[in-house]
Amino acid sequence: MSGLELLSMIRSKGLEMPVVIISGYAEFSFAQQALRLQVYEYLLKPIDIGKVSMILNKIEDEEQERQKDIRVKETVRRNLHKLREKYFASVLFGTESAEPEQCAKHLKELEIQDSPFLMIQYTYRSNEPLKSANIKQAQRMISQKLQTYIPGTNDCFVIYLKSGIVAIL
């Protein structure tokens, strides 16, 4: 099969990869078909090895950048709940702007719908402050209870304040 037929088969299988065609065909129809198949570069023979090397280096740099973006997005996705919780805590503590435009921007970045929410506060009343381990345990317990009582509550944030524990749904 020809190189364009092979590329067509690759694309029909949904495989995305940069492809450089080196061809002796200078006809416009070949180049046009290659463009439709999303060829990265179409080089005519005779080729300049320096240009091929430059193209391959560029492809490698772009792929490394793409992989870096994928890793960053995956890290954000894995930590999205914690990032959301941190945002709501910063709003509650007053360290985050409460301006509507800024809030809307942050909600969009954190993939939270700008919709009404429910806030529940549990006040801890004791002369002894809660220990760090107890705070985390209480946060987990409250979160689990809320999800039991209100199934499908994925956007539940349980935040510790000195005055008590706040749950935001």
- Query: Passes side chain to side chain contact (heavy atoms under 4.5 Å, CB included), Lys73 versus Val76? Steps please.
  - Reply: CA-CA 5 Å; Lys73 286 176 183 174; Val76 169; 5.7 Å; no
- Task: Decide side chain to side chain contact (heavy atoms under 4.5 Å, CB included) for Tyr87 and Lys82; before the verdict, give the C-alpha distance in whole Å, the side-chain angles of both, and the deciding distance to 0.1 Å.
- Result: CA-CA 9 Å; Tyr87 170 70; Lys82 281 288 178 201; over 6 Å; no
- Could you please spell out the steps behind the side chain to side chain contact (heavy atoms under 4.5 Å, CB included) verdict for Glu41 and Ile21? CA-CA 6 Å; Glu41 192 76 50; Ile21 292 183; over 6 Å; no
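Interatomic distance, Ile10 CD1 to Met17 CE, rounded to the nearest 0.5 Å: 5.0 Å. Note: Arg11 CZ to Leu4 CG = 11.5 Å, rounded to the nearest 0.5 Å. Here Leu83 contributes atom CG and Glu111 contributes atom CD; the two are 10.5 Å apart, rounded to the nearest 0.5 Å. For the atom pair Leu6 CG and Leu37 CG, the distance stands at 10.5 Å (nearest 0.5 Å).
With Ser12 contributing its side chain and Met9 its backbone, the two residues share a donor-acceptor pair below 3.5 Å. Between the Arg84 side chain and the Leu110 main chain, a donor and an acceptor come within less than 3.5 Å of each other.
Ion pairing of Lys105 with Glu109 is present here, as a side-chain N (NZ or NE/NH1/NH2) and a carboxylate O approach within less than 4.0 Å.
One hydrophobic cluster, built from ILVMFWY side chains closer than 4.5 Å, holds both Met1 and Leu15. Leu56 and Val19 fall into different hydrophobic clusters, defined by Ile, Leu, Val, Met, Phe, Trp and Tyr side-chain heavy atoms under 4.5 Å apart, directly or through other members. Under the 4.5 Å side-chain contact rule for hydrophobic residues, Val52 and Met54 do not share a cluster.
For Asp61, the side-chain contact (heavy atoms from CB on, under 4.5 Å) partners are Gln64, not counting sequence neighbours. For Arg77, the side-chain contact (heavy atoms from CB on, under 4.5 Å) test picks out Glu74, with sequence neighbours left out.
Looking at Ser53 and Asn57, their side chains come closer than 4.5 Å, going by heavy atoms from C-beta outward. For the pair Lys51 and Leu43, the minimum side-chain heavy-atom distance is below 4.5 Å. Residues Glu63 and Arg66 form a side-chain contact, since some pair of their non-hydrogen atoms from C-beta on lies under 4.5 Å apart. Considering only heavy atoms from C-beta on, Gln32 stays 4.5 Å or farther from Glu27 through its side chain.
Closest approach of Val39 and Leu7 over heavy atoms only: CB-CD2, 4.3 Å. For the residue pair Ile47 and Leu44, the shortest heavy atom distance occurs at CG2-O, 3.7 Å.
Aromatic ring orientation, Phe30 versus Tyr25: parallel (interplanar angle below 30°, classes split at 30° and 60°).
Tyr42 and Gln33 share no donor-acceptor pair across their side chains, judged by distance under 3.5 Å alone.
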